[in-house]
Student: 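I'd like to ask you about the structure that follows.
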Amino acid sequence: MCGPTVSGESHLGHARPYITFDVIYRYLMHLGYKVRYVRNITDAGHFEEEGREAEDKISKKAILEKLEPMELVQKYTNLFHWAMEQFNTISPTIEPTATGHIVEQIGMIQKIIEAGYGYEVNGSVYFDVKKYAASHDYGKLSGRVIDDLLETTRELEGQEEKRDRADFALWKNAAPEHIMRWQSPWGEGFPGWHIECSAMATKYLGAQFDIHGGGMDLLFPHHESEIAQSTICNHTAPVRYWIHNNMITINGRKMGKSYNNVIKLTELFSGDHPLLEKGVHPMTVRFFILQTHYRSTLDFSNDALVAAEKGLKRLWDAFDNLKKIQGESYPADAANDAALTEKVQKLLAELPEYMNDDFGTARVLANLFELVPVINGAKDKNFPVGSLPQALWSEMAATFQTWLVDILGFRSVTEADHAKLQGVMQLLIDIRKEAKGRKDFALSDKIRNQLTALGISLKDEKGGEMSWTIE
RNA sequence: GGUCCUGUGGCCGAGUGGCUAGGCAGAGCUCUGCAAAAGCUCGUACAGCGGUUCGAAUCCGCUCGGGACCUCCA
């Protein structure tokens, strides 16, 4: 899939494709597929903005920050990896960089020229879209009509080198002030935006591969152009299935630099942003994203994030409760509730169906939520554990582990798993039980209240047991 | 202007032509030394107007609203 451009910090919008594809990656492996997950790093500043001078974002930013371009690239790459770790995403199997594949890109451009679909002008090379469109369907992915593209009357500067407005750059001649530049058959320059993906995908995945992902905003022209380039070079359509995630919006508008509504991931986690009421945990973001189908837009708001935070906690607490039930002994005189058993079995059986239907993570989560009252009800002794067959309890526990942890990729939000803390908490619980036993409510309340002040809530349960969670 | 997507109860959101999505918030009840959880119950929503159909939030048309792409963009 298309990875990040490391010319700046990632923002909330960037989180969506990586979390979405992390789940897809996890699910494919869960199904037993051997997956090669390639996600490139765009670290060459080859950004040509139509209508303006060809601009190199990384060079520009490097001058601004008084850094070597590669220092800048390293800084933001590290930051990106850190954020991905916060989200608990699994690293791709190959993470190639654009600058590390200049040779492959040049080779591909040469092949395109030899095939007659590329032409050189003043040290730059362009792809001949018109010629390509004569024999291929340029626009089949994005639904674009080639004639519209060719006939657009809009006049833009910096276009005079191109034979046609719809043509795109494969290689750009570097102006003297350009820092990032490479030697090529056409002089010193830098690669065009679309060619890196084609070159790296071809190298690591072959002429044709199964799935290519990215944000919907890359559909045109990026992916469309990728198809054209690769098709000419490799004589086959490069991709069997395209998966595009939709955008995250703020007040109904796409999050993006040009809209000035960006929330960087560091700001999101810390809460240090005017639009944020408080910091958001990475797992909350993950849940927030997976609660919506990846092809729908997802509207950001503080309320929605709070709802996601509480929802995830409810689900995770139920998972903990489920483990506790597992630890209890199953009654010998169990009388199964047929209706409840059937309901649970149905909810479990539907999970793979939903996931197989275009990765319906939202529906998977909804089913898991429907299991929550069953789990909590049994834990609170509202009905006997024996209402469900023992094997079904095991299956539920395994299902939560598989789906919540392995496939959807959630992990504990708190430090509650630390063994030492658990020991300390057990000690406090024992003391409080003793105090309650002799009706010393002043002491028992003190323990509970002070823990609450520390952000740990202690709950009395039926039968005199106590449980605790970190808020 | 062109291409396409979309409009669901207070909020976020899923969705198949006929069956309660789910989460958050809110109300009531139960449990409880108190508290917090938890459990149970509740709103009966699908922009508007037509049409197709035995039946439509789900299909078609129109109107209105929102958005994306057509320039870098996840």
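Remember, it's a predicted structure, so these values are computed and weren't measured experimentally. First the proteins, then the strands, lettered A, B, ... as listed; each starts at 1.
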Student: Kindly confirm or rule out a cation-pi arrangement of A:Arg39 over A:Tyr18, judged by NZ or CZ under 6.0 Å from the six-membered ring centre and within 45° of its axis?
Tutor: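 That pair qualifies as a cation-pi contact.
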
Student: If B:rG39 has a Watson-Crick or G-U wobble mate with both distances under 3.5 Å, name it; if not, just say none.
Tutor: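 Pairing partner: B:rC29.
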
Student: So A:His293, base contact, sugar-phosphate only, or nothing? Heavy-atom distance under 4.0 Å.
Tutor: sugar-phosphate

Student: Quick one: salt bridge (charged side-chain N to carboxylate O under 4.0 Å, His left out) pairs with a partner in residues 344-355 of chain A, sequence neighbours left out?
Tutor: A:Lys346-A:Glu350

Student: Any base atoms under 4.0 Å from A:Asn449, or only sugar-phosphate, or nothing? Heavy atoms, all strands.
Tutor: nothing

Student: Nearest-nucleotide wise, let me know which of A:Phe300 and A:Lys346 is further upstream toward the 5' end of RNA chain B.
Tutor: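 On the 5' side of the pair lies A:Phe300.
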
Student: Please classify the nucleic acid contact of A:Met1 as base, sugar-phosphate, or nothing, using heavy-atom distances under 4.0 Å.
Tutor: nothing

Student: For residues A:Tyr76 and A:His81, is any side-chain donor paired with an opposing acceptor at under 3.5 Å?
Tutor: no

Student: Describe the nucleic acid contact of A:Lys257 in one word from base, sugar-phosphate, nothing, applying a heavy-atom distance below 4.0 Å.
Tutor: nothing

Student: Does A:Asn356 have any side-chain contact (heavy atoms from CB on, under 4.5 Å) partners at least two apart in sequence or in another chain, and if so, which?
Tutor: A:Tyr27, A:Pro352

Student: State which residues pass side-chain contact (heavy atoms from CB on, under 4.5 Å) with A:Arg432; sequence neighbours excluded, sorted by chain then number.
Tutor: A:Lys436, A:Ser444, A:Ile447, A:Arg448, A:Leu458, A:Asp460, A:Met466

Student: What string of B, S and - do you get for nucleotides 28-38 of chain B, 5' to 3', when a contact is any protein heavy atom under 4.0 Å?
Tutor: ---S-BBBBSS

Student: Reckon A:Arg363 touches a base, only the sugar-phosphate, or nothing at all at heavy-atom distances under 4.0 Å?
Tutor: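 Sugar-phosphate, no base atom in range.
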
Student: Would you indicate what A:Ile248 reaches in the nucleic acid, counting non-hydrogen atoms under 4.0 angstrom: base, sugar-phosphate, or nothing?
Tutor: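 The answer is base, as A:Ile248 lies within the cut-off (heavy atoms under 4.0 Å) of a base atom.
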
Student: Just jot down the side-chain contact (heavy atoms from CB on, under 4.5 Å) partners of A:Ala83, sequence neighbours excluded, or say none.
Tutor: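 A:Leu265.
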
Student: Scan every strand shown for a Watson-Crick or G-U wobble partner of B:rC62, both distances under 3.5 Å, and answer none if you come up empty.
Tutor: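 Partner of B:rC62: B:rG48.
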
Student: Would you say A:Lys381 places a side-chain N or O within less than 4.0 Å of OP1 or OP2 belonging to B:rG39?
Tutor: no

Student: Which nucleotide, B:rA74, B:rG23, B:rC69, lies nearest any side-chain atom of A:Gln291?
Tutor: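 Nearest listed nucleotide: B:rG23.
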
Student: Base, sugar-phosphate or nothing for A:Tyr259? Non-hydrogen atoms, less than 4.0 Å.
Tutor: sugar-phosphate

Student: Can you list the residues that meet the ring pair (Phe, Tyr, Trp, His ring centres under 6.0 Å) rule with A:Phe127, with sequence neighbours excluded?
Tutor: A:Tyr132, A:Phe168

Student: Pairing check on B:rA68: which nucleotide meets the Watson-Crick or G-U wobble criteria with it, both distances under 3.5 Å?
Tutor: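 Partner of B:rA68: B:rU3.
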
Student: Round to the nearest Å and state the distance from A:Met247 atom CE to B:rU6 atom C1'.
Tutor: 15 Å

Student: With a 4.0 Å cut-off on heavy atoms, is A:Gly13 in touch with a base, just the backbone sugar-phosphate, or nothing at all?
Tutor: base

Student: Base, sugar-phosphate or nothing for A:Leu218? Non-hydrogen atoms, less than 4.0 Å.
Tutor: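 Sugar-phosphate: the residue A:Leu218, judged by heavy atoms under 4.0 Å, touches backbone atoms but no base.
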
